[in-house]
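Model, not experiment: these values are computed from the prediction.
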Amino acid sequence: MTAPDVTGTSAEKTGTPGAPTGKRRRLHPAWIVAAVAFLALVGAAGFRAAPGVLMVPLQQEFGWSTTVLSLAVSINLVLFGLTAPFAAALMERFGIRKVTSLALCLIGLGSALTVLVNQSWQILLTWGVLIGLGTGSMALVFAATIANTWFAKSRGLVIGILTAGSAAGQLVFLPFIAALAQNPGWRGASLLIAAGALAVVPLVLRWLRNSPADVGVLPYGAQAPESTAVDAGTTGATSGKAAAVVESPGSSDSPNAAVRALQVLRRAMKVRTFWALAAGFAICGATTNGLIGTHFIPSAHDHGMPETTAAGLLAVVGIFDIVGTIASGWLTDRFNPKVLLAVYYQFRGIGLLVLPLLLGSSVEPSMIIFVVVYGLDWVATVPPTAAICRSVFGADGSVVFGWVFAAHQLGAAAAALAAGFIRDATGHYNYAWLGAAAMCTVAAVISATIRKDAVKKEPVAVV
């Protein structure tokens, strides 16, 4: 079976004046790639909903403490973050398709092996190491890589849509994971996560292309230089034009992935904006994946709320996260990204400040308001952060965003472990919520003071 023609003629692909008007303009391949990338992020996001739901059943069966299970999540989050910049470089070296397929297989393997665990060190290996490496390779830097490689315009919107794929994964999996954790049990939920990740692999192998040059087109929205414009009867691949504009990931001329990632980090560390973004994103990770994503359901359970009800609330967070992140991408294309970041962080801090007053055995209207607001703000920070990375660091932007995202996950890991320790030491999570609220105010101030002239005064050399 042959794939449908989504490229059209050269003039249609590049938007060159004088394109034949008698032929229907076909869908640009960038949107096919974006759709498959969205599904891949959905499949990879399954585990991100799991720890909060499965923590209580594992404690009941094995007697493990909250701190032990939080440590497994922390290992996962650390590897999730530290793998991201190297994954971005690996995608440049070996291609997006190979790295994405391997990452999904690691997630599936780690989740499937979880059903065999009976000692605490084994959950550290499956939840922590295997799934951490897999999800790290499918981190939000993947969305930035797709947007920067395939799109010359609407990058903020595309990053917002792809980032929403992670929220969609939580939305799709969370109610089923919660139900399966109750009956037949947490092992069935783990197998569902494995199946979700592996189901996307054939789509990735078939449809996810590494770069526009692979199919002989320019990135979506790019215009061909007049001096290299081609006739309507020739292809971008034949003229070499597309290849000249976008080098295909996986090129043999690409440097070693680890060396490239470390070289980019060394250059980025000399730029003040990098440290501001990293600090803000560390707090972002602490207040999303680290606290709410890991400990909201156990905390609600402490207040007498059924786990399935609390899981349903997080699913609602996922719904509004999709709306908020896509809207944030749209806003990022039109407004100052640093102002957006400051607003997002401050609203999140207000929500965390009042959360201890809202938790109870039943769902009150005030809790619904919190869930909606927090959902809209969940990862709305990603599009403006990625946009600043791109504007300041140019071609290094995707890898720099990988390092900024590493800070996000290190913050998440620290918060997940600290909140587990606080719960075991005090019997509640109140101090964790209040501390996170204070950190959000710090992030808002840091974001508001990002220098507007960073691009002009602190240029970064691109290899």
Side-chain angles (χ1 to χ4, degrees), residues 27-46 48 80 83-85 87-88 91-92 95-97 99-101 103-104 107 134-173 196-197 200 203-204 207-212 219-221 249 281 284 288-289 318-333 337 340 375-376 378-390 397-402 404-405 408-409:
L27 184 66
H28 193 284
W31 294 110
I32 303 295
V33 170
V36 176
F38 181 91
L39 293 176
L41 286 165
V42 169
R48 295 183 52 195
F80 190 178
T83 303
M91 288 177 185
E92 293 179 357
I96 298 171
R97 180 164 49 183
V99 175
T100 302
S101 299
L104 290 168
I107 296 169
T135 53
S137 300
M138 283 294 301
L140 297 181
V141 68
F142 172 65
T145 300
I146 292 291
N148 290 339
T149 301
W150 279 91
F151 292 84
K153 69 175 184 179
S154 302
R155 283 197 183 113
L157 177 62
V158 172
I159 291 176
I161 293 172
L162 294 182
T163 303
S166 296
Q170 177 176 292
L171 169 65
V172 169
F173 284 102
V200 188
L203 296 176
V204 169
W207 294 104
L208 190 63
R209 303 296 181 182
N210 291 325
S211 81
Y220 176 77
F281 231 39
C284 177
T288 51
N289 302 82
I319 294 174
F320 285 94
D321 182 19
I322 295 172
V323 177
T325 308
I326 294 175
S328 178
W330 184 86
L331 291 170
T332 300
D333 288 331
L340 296 177
L376 290 172
W378 183 259
V379 286
T381 53
V382 172
T385 301
I388 294 173
C389 286
R390 177 75 185 185
S398 293
V399 180
V400 171
F401 181 70
V404 172
F405 183 76
H408 181 281
Q409 295 309 106

Starting at [atom1] of [X], measure out to [atom2] of [Y] and round the result to the nearest 0.5 Å.
X	Y	atom1	atom2	value
Trp378	Ser328	CH2	OG	15.5 Å
Phe401	Thr385	CZ	OG1	6.5 Å
Leu162	Ile326	CG	CD1	9.5 Å
Leu41	Ile146	CG	CD1	8.5 Å
Phe281	Thr288	CZ	OG1	8.5 Å
Asn210	Trp150	CG	CH2	8.5 Å

Between Thr83 and Gln409, is there a side-chain heavy-atom distance shorter than 4.5 Å?
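With C-beta onward as the side chain, the pair stays apart.
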May I ask you to test the Val200-Val42 pair for a side-chain heavy-atom distance under 4.5 Å?
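The answer is no; the side chains never approach within 4.5 Å.
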For residues [X] and [Y], report the shortest heavy-atom separation together with the two atoms involved.
X	Y	result
Arg155	Ala147	NE-O, 3.6 Å
Asp333	Leu157	OD2-N, 3.3 Å
Leu104	Ala40	CD2-O, 3.8 Å
Val382	Ile159	CG1-CG2, 3.9 Å
Ala387	Thr332	CB-CG2, 3.5 Å
Ala152	Pro219	N-CB, 4.0 Å

Could you pull out all residues at least two apart from Tyr220 that satisfy ring-ring contact (aromatic ring centres under 6.0 Å, His included)?
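Tyr220: ring-ring contact (aromatic ring centres under 6.0 Å, His included) contacts with His28, Trp31, Phe151.
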Which residues share a side-chain contact (heavy atoms from CB on, under 4.5 Å) with Leu331, sequence neighbours left out:
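With sequence neighbours excluded, Leu331 shows a side-chain contact (heavy atoms from CB on, under 4.5 Å) to Phe335, Leu340, Tyr344, given in chain and number order.
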So Asn289 and His408, side-chain contact (heavy atoms from CB on, under 4.5 Å) or not? Walk me through it.
CA-CA 9 Å; Asn289 302 82; His408 181 281; 3.2 Å; yes
